[in-house]
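First the structure, in the form of structure tokens, and then the observations on it.
As the structure is a prediction and not an experimental result, all values here were calculated from the model. We name chains A, B, ... by the order of the sequence lines, and we start the count at 1 in each one.
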Number of protein chains: 2
Amino acid sequence: MITIFDVAKEANVSKSTVSRVVNNDPSVKDDTRVKVQAAIKKLNYAPSFFAKGIRTGKTKTIALLVPEYTNMFYGEMFNGVEDMAFKKGYVVVVCNTGNATSEKEYINKLLERNVDGIIYNTYNASKSTINFLEKLSQETPVVVMDELLGRNSNLNCVYTDGYNSSREAVHYLTKKGIKEIGYVKNNKSIQATKYRYQGFLQGLKECRLKYKKEYIYECTEEAKSNYMKAGKKAGEYFLSLQRKPSAIMTDIDLLAIGCSTQLIANGIKIPEEISIVGFDNIELGEISHPALTTIAQPTREMGCKAAEIIIDQLEGSERQVEKMVFTGELIVRDTTI
Amino acid sequence: MITIFDVAKEANVSKSTVSRVVNNDPSVKDDTRVKVQAAIKKLNYAPSFFAKGIRTGKTKTIALLVPEYTNMFYGEMFNGVEDMAFKKGYVVVVCNTGNATSEKEYINKLLERNVDGIIYNTYNASKSTINFLEKLSQETPVVVMDELLGRNSNLNCVYTDGYNSSREAVHYLTKKGIKEIGYVKNNKSIQATKYRYQGFLQGLKECRLKYKKEYIYECTEEAKSNYMKAGKKAGEYFLSLQRKPSAIMTDIDLLAIGCSTQLIANGIKIPEEISIVGFDNIELGEISHPALTTIAQPTREMGCKAAEIIIDQLEGSERQVEKMVFTGELIVRDTTI
DNA sequence: CTGTTAGCGCATTCAA
DNA sequence: TTGAATGCGCTAACAG
């Protein structure tokens, strides 16, 4: 391995001087700098990651925690995180907390490896996890990407405002002349959707539409991991209604697609008879037929912003809790009139 | 920070003894071991990642390089890699080479951070990348997950045998009484599919089916990143044929789904008139209608195996090139008779 | 079986 | 503006 010492010898200076050049210390004379840089280049020198870490305690590494890898949502987010991290000289490690026995143990393992900051995603965080994260964030920058967590904690956060996004979607449908809107709620296991439904209710109020209990369908617990099927069940439910809503909003896209599929299979014309609106803008929504109208989260930007917050707090002087809220964008395709 | 020295003081032994206990040196007397372990626990000591690295040169880190994050195939593979890595005390970092300007530069950056091994995925590797990887693998364990690379290099590799998988699919269709099989080739940008088509041709020979040039459709270059659309075009092509094949195999699932969609939209009954077989078993194939018959790669096991090879080579004594070939599994669903 | 000692490569005083 | 000296926390001889 080629060390700082070799460079020093080559350039006829001391180790300290080389160290100064490497760390951009301005107090180095220009021609010594040039000399040293030449030596560095010639020897193809790269500072030892460890030796550097042992002195600085930093690894230039950000951990991205996700509950599931095989979810393109996190893939996109990863892209955003990496965009920013790479630009700033950081490396991202992704970790799947869904597999790990204990999330906290996992995080501790990461901390042992001296990750500099943590971006935390979850489907469902316990109160004790929140406490843990809050304590943790006193020493290590943490960003949570979850609306519920973001609102109810003292943590940095980045999320899409499900409440207002749904609310606005109701306004959109209303403007199209729709007066009766149903809703498909997922079961409780994913907390991100919590405020979406509430935004829907608020939208109803604002648009002076009446709330009809029978227009609200909540997925059964067993449908949990198969949203497509759950959506179909929701479709069946609406089919069974004497009087049907003229639009249906859903907590997530797959529910919308399943529902729409089931309705079509039973002769309902979409969007002529019933409009459908999803949430999340998964890829499938674009390919499926008819293409799904949905609310898109700016996932990539969100990841980018999260990384930026971490890095700013790492490199800046003061730290204050940052709350970054994005608004979902309604993407109108073929399931709405 | 609490160091080995603090533990030594607490347990009334020397640093070396603590180090021995931590590293499971058998030559430590049992009661000293117990004493030290108690001290470690009491002080909640964890060895410094850096100090350790500076001495051993190892990080217990494996890099997984993928050309794209938002591809669930790699998500699944990641799960496999992590299963094994986690079990063995390694951490996985995923890196997107698709974004990076220069792949080699990226790899070098990882090497500077002392990743212990590299699992390399690609859509399309240049000759110079192969050389680079071959040279690299002399010092650092490398596993390539690509059939073309795997066959034509001296590198460790793990891949699914596209050749035989396709070949066997032809046999399967033949047993079902199908005598005329078409094929949708993707364009050349993804080398993984290279041998699939060749396996198809071989299957034709073995089953004494005749090769008909007009039954082979190759996607145009512009269809590149939209396989769904490309598949639809393929469907149109087959529609235009006077005499149609009674089955169509494709290089990848999305092509199959697009093709099937287009055929159905034009009144062809699937699978009664034409059977369709995809490749890869993407999730969409399962939800789409009719559910797609396809060839599944054991993606998760592949990732697991790749990690295992890396770790074995890291921890074992001799190193010899390992070639691990999996066979795809035909998953019969509703697009085949 | 255990302690002593000498670095690993670097950043950072303190002197010059 | 530079160099010499010190120590970060650990492992690995070597001695005992």
Side-chain angles (χ1 to χ4, degrees), chain A residues 1-40 42-61 89 111-116 139 314-315, chain B residues 1-40 42-61 89 111-116 139 314-315:
Chain A
M1 181 185 205
I2 141 104
T3 78
I4 201 171
F5 183 74
D6 303 309
V7 178
K9 215 167 46 181
E10 173 74 27
N12 267 316
V13 294
S14 73
K15 292 190 302 179
S16 332
T17 303
V18 178
S19 175
R20 288 188 187 101
V21 170
V22 169
N23 295 295
N24 291 317
D25 185 325
S27 74
V28 182
K29 222 196 328 181
D30 270 357
D31 39 344
T32 16
R33 177 184 307 283
V34 171
K35 218 167 45 177
V36 171
Q37 282 166 337
I40 287 177
K42 178 173 173 196
L43 299 180
N44 200 0
Y45 163 78
S48 149
F49 176 69
F50 301 119
K52 198 163 185 156
I54 212 178
R55 302 285 320 199
T56 62
K58 298 292 174 217
T59 49
K60 293 268 188 175
T61 304
L111 260 23
E112 272 175 24
R113 302 177 79 96
N114 298 74
V115 299
D116 298 334
E139 355 178 300
L314 240 22
E315 301 185 346
Chain B
M1 180 185 207
I2 141 105
T3 78
I4 201 172
F5 182 74
D6 303 309
V7 178
K9 214 167 45 182
E10 173 74 28
N12 269 315
V13 294
S14 73
K15 291 189 302 177
S16 334
T17 302
V18 178
S19 175
R20 287 190 188 99
V21 172
V22 170
N23 294 295
N24 290 317
D25 185 324
S27 72
V28 182
K29 220 198 327 182
D30 271 356
D31 41 341
T32 14
R33 178 185 307 280
V34 170
K35 217 167 46 175
V36 171
Q37 281 167 338
I40 288 178
K42 178 172 174 196
L43 299 179
N44 200 358
Y45 162 77
S48 152
F49 176 70
F50 301 120
K52 196 163 186 157
I54 211 178
R55 302 286 320 195
T56 64
K58 297 295 174 215
T59 49
K60 292 266 186 178
T61 304
L111 261 21
E112 272 174 25
R113 303 178 77 97
N114 298 74
V115 299
D116 297 334
E139 357 179 299
L314 240 23
E315 301 186 346

I need the [atom1]-[atom2] distance between [X] and [N], as an integer number of Å.
X     : N      : atom1 : atom2 : answer
A/K52 : C/dG9  : NZ    : C1'   : 12 Å
B/F49 : D/dC10 : CZ    : P     : 13 Å
A/N24 : C/dA11 : CG    : P     : 11 Å
B/N23 : D/dG9  : CG    : P     : 17 Å
B/F50 : D/dC10 : CZ    : C1'   : 13 Å
B/I40 : D/dC10 : CD1   : P     : 10 Å
A/N12 : D/dG3  : CG    : C1'   : 13 Å
A/F5  : D/dG3  : CZ    : C1'   : 13 Å

Would you mind classifying the nucleic acid contact of [X] as base, sugar-phosphate or nothing, using non-hydrogen atoms under 4.0 angstrom?
X     : value
A/Y45 : sugar-phosphate
A/V22 : nothing
A/S48 : sugar-phosphate
A/S27 : base
A/T17 : sugar-phosphate

Heavy-atom donor-acceptor pair, B/T56 side chain to B/K52 backbone, under 3.5 Å: yes
Can you find an N or O donor on one side and an acceptor on the other, under 3.5 Å apart, linking the side chain of A/T56 with the base of C/dA11? no
Mapping A/R20 and A/K15 to their closest nucleotides on DNA chain D, which lands nearer the 5' end? A/R20
Strictly below 4.0 Å: does [X] bring a side-chain N or O up to OP1 or OP2 of [N]?
X     : N      : answer
A/T32 : D/dT2  : yes
B/T3  : D/dG9  : no
B/S19 : D/dC10 : no

Note: A/A39 and A/A11 closest approach over all heavy atoms is CB-CB, 3.8 Å
Strictly by modelled atom types, are A/R113 and B/T61 linked by a side-chain donor-acceptor pair under 3.5 Å? yes
Distance-only donor-acceptor check, side chains B/T59 and B/D116, under 3.5 Å: yes
With nearest nucleotides of DNA chain C determined for B/R33 and A/V18 from heavy-atom distances, which residue corresponds to the more 5′ nucleotide? B/R33
Nearest to the B/I4 side chain among C/dC10, C/dT12, D/dC10, which nucleotide is it? D/dC10
Of the nucleotides C/dT4, D/dG3, D/dC8, which has the atom closest to the A/I54 side chain? D/dC8
If you measure from the Lys or Arg side-chain nitrogens to the Asp or Glu carboxylate oxygens, is any gap between A/K60 and B/E112 under 4.0 Å? no
Sole residue of B/V22, B/L43, B/T17 in side chain to side chain contact (heavy atoms under 4.5 Å, CB included) with B/V7: B/L43
